[in-house]
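Report on the following structure.
Labels below follow one simple rule: chain letters A, B, ... track the order of the sequence lines, proteins then strands, and each chain is numbered from 1. What you see is a predicted model, and the numbers here were worked out from it, not measured in a lab.
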Number of protein chains: 2
Amino acid sequence: MSIDTAPPTPTPHARHDHAHCVADALARADALCAQRGARLTTLRRRVLELVWSSHRPRGAYAILEDLSQQDGKSTAPLTVYRALEFLVEQGLVHRIESLNAYVGCASPGASHSGQFLVCEGCGDAAEIDDSSIRTAIESAAIARGFRVQRPTVEVRGVCKDCQEKHP
Amino acid sequence: MSIDTAPPTPTPHARHDHAHCVADALARADALCAQRGARLTTLRRRVLELVWSSHRPRGAYAILEDLSQQDGKSTAPLTVYRALEFLVEQGLVHRIESLNAYVGCASPGASHSGQFLVCEGCGDAAEIDDSSIRTAIESAAIARGFRVQRPTVEVRGVCKDCQEKHP
DNA sequence: CTCATGATGTTATTTTATAACATCTCTGCG
DNA sequence: CGCAGAGATGTTATAAAATAACATCATGAG
Ligand SMILES: [Zn+2]
Ligand SMILES: [Zn+2]
Ligand SMILES: [Zn+2]
Ligand SMILES: [Zn+2]
């Protein structure tokens with residue numbers, strides 16, 4: 001069976017060891033939080049793991065359902081929102097504004113602004129950290145006397161794999 | 001961050017003839033829609049005018065309230081959402097994803113992607129159309145085989161005037 | 001005029017997010 | 001240890017944003 005005819009999978013670009021992605025993300029989170037004295041509690045760690053369950057942005061309520069299902073009892077939205085708030089503050093998770101959803105950060109610890117290529121086909125959100133974009137935004141802002149605090153770049157379009165599937 | 005819930009006062013620091021802004025925007029909208037055969041109905045035109053009541057992004061429900069108050073009777077959310085949908089499609093209004101709010105387009109008709117400098121201080125959203133940003137995004141996408149459909153750039157920070165007020 | 005199309009009205013519901021307050025749990029300190 | 005205080009979580013209720021499904025109205029081509 002050739003790669004070209006591979007069936008649709010939850011993670012479309014699934015030619016990778018995703019379990020490794022998750023384990024890696026959790027390990028980095030542990031290290032970062034320990035280093036900072038931030039408390040990555042069991043709950044927060046579980047939420048982080050659920051955010052990382054795919055490379056697609058996931059809604060707070062989707063995570064909530066996972067959590068409830070795992071525990072057999074229903075959890076309150078606030079529980080998830082508070083955990084997400086912590087994770088975003090720590091730079092472990094990014095919020096995709098145009099989707100009201102959350103996705104694991106590809107390189108936490110590094111200072112970066114969050115730039116995403118969001119595919120309409122598969123829903124994947126690929127995080128990039130392009131210095132040209134960063135500096136272009138900074139320059140444009142400076143030219144107008146605007147002090148940048150948090151740049152948001154979310155590019156909708158179609159990823160490489162999805163283009164090949166629907167030519 | 002709070003979006004514009006205050007009464008529709010023109011921009012806080014703007015020493016400009018805002019009535020002219022609005023009239024101008026409406027005139028251009030009339031012309032564009034006429035040219036395209038799109039129907040800028042009374043309702044849609046009124047919503048456009050309300051979006052333009054300031055240079056701050058306004059939420060759909062804020063506009064809804066204005067509309068209801070003007071008419072003395074309550075209007076349904078869908079009424080506003082449908083009008084906004086039309087206005088966004090026609091490029092007369094942009095949606096600011098990170099605020100769930102809408103703002104009038106500074107240069108409708110021109111093809112542009114929507115780049116905004118959103119001030120945390122005054123709530124103003126200044127629309128820019130910076131070619132460096134545009135090309136930087138396009139290049140970064142091309143390098144990854146990603147086909148861009150709709151780039152979104154929303155930069156949070158503090159505008160010039162607000163920096164001067166709070167030094 | 002008549003019909004087809006698109007626009008608006010109406011009612012109900014879904015999805016996303018937060019408020020207010022109670023309880024628990026960890027940690028540092030006497 | 002035992003206790004105080006801060007931070008984390010639980011609980012209940014509500015707010016805010018968006019959409020669904022279906023009915024009616026308005027407009028313009030033929
Ligand atoms: Zn992975
Ligand atoms: Zn990141
Ligand atoms: Zn103005
Ligand atoms: Zn514009």
Worksheet item: Within this structure, what is the OH-to-P distance between B:Y102 and D:dA17, rounded to whole angstrom?
Response: 10 Å
Item to complete: Would you please determine if the base of C:dT16 is stacked by A:Y61, with stacking meaning a centroid separation under 5.5 angstrom and planes under 30 degrees?
Response: yes
Worksheet entry | Path from A:L40 to A:L84 over hydrophobic side-chain contacts below 4.5 Å | yes
Fill in: Set of residues satisfying side-chain hydrogen bond (donor to acceptor under 3.5 Å, both in side chains) with respect to B:S98, sequence neighbours excluded
B:E154
Worksheet, complete the sentence: Excluding B:L78, membership of its hydrophobic cluster (Ile, Leu, Val, Met, Phe, Trp, Tyr; side-chain heavy atoms within less than 4.5 Å) reads none
Worksheet entry | side chain to side chain contact (heavy atoms under 4.5 Å, CB included) against A:R46, all qualifying residues, sequence neighbours excluded | A:T42, A:L67, A:Q70, A:D71
Worksheet item: Nearest-Å distance, CG (B:L84) to C1' (D:dT19)?
Response: 14 Å
Worksheet item: Considering residues at least two apart in sequence or located in another chain, which fulfil the side chain to side chain contact (heavy atoms under 4.5 Å, CB included) criterion with A:E85?
Response: A:E89
Worksheet item: Mind checking whether A:D130 and A:V153 have side chains closer than 4.5 Å, heavy atoms only?
Response: no
Worksheet entry | Listed partners of B:D129 passing side-chain hydrogen bond (donor to acceptor under 3.5 Å, both in side chains), at least two apart | B:R134
Worksheet entry | Per-nucleotide protein contact string for nucleotides 3-12 of chain D (B base, S sugar-phosphate only, - none; heavy atom under 4.0 Å) | ----SSBBBB
Worksheet item: Axis-to-axis angle across the helix from C:dC1-D:dG30 to C:dG30-D:dC1, five pairs an end, to 10 degrees?
Response: 20°
Worksheet entry | B:L99 CG - C:dT16 P separation (whole Å) | 18 Å
Discussion item. If the cut-off is 4.0 Å, is A:N100 near the phosphate of C:dA17, judged by side-chain N/O to OP1 or OP2?
Written reply: yes
Practice prompt. Please report, rounded to the nearest Å, how far the P atom of C:dT16 is from the CD atom of A:E65.
Written response: 10 Å
Worksheet item: For the pair made of CD in A:E97 and C1' in D:dA17, what is the distance, rounded to whole Å?
Response: 14 Å
Discussion item. Whether A:Y81 contacts C:dA17 is assessed here as follows: a side-chain N or O lying under 4.0 Å from the phosphate OP1 or OP2. Is that the case?
Written reply: yes
Worksheet entry | Contacts of B:R95 that satisfy side-chain hydrogen bond (donor to acceptor under 3.5 Å, both in side chains) - sequence neighbours left out | B:E97, B:N100, B:Y102
Worksheet item: With sequence neighbours left out, which residue pairs that include part of residues 114-163 of chain A fulfil the ring-ring contact (aromatic ring centres under 6.0 Å, His included) condition?
Response: A:H94-A:F116
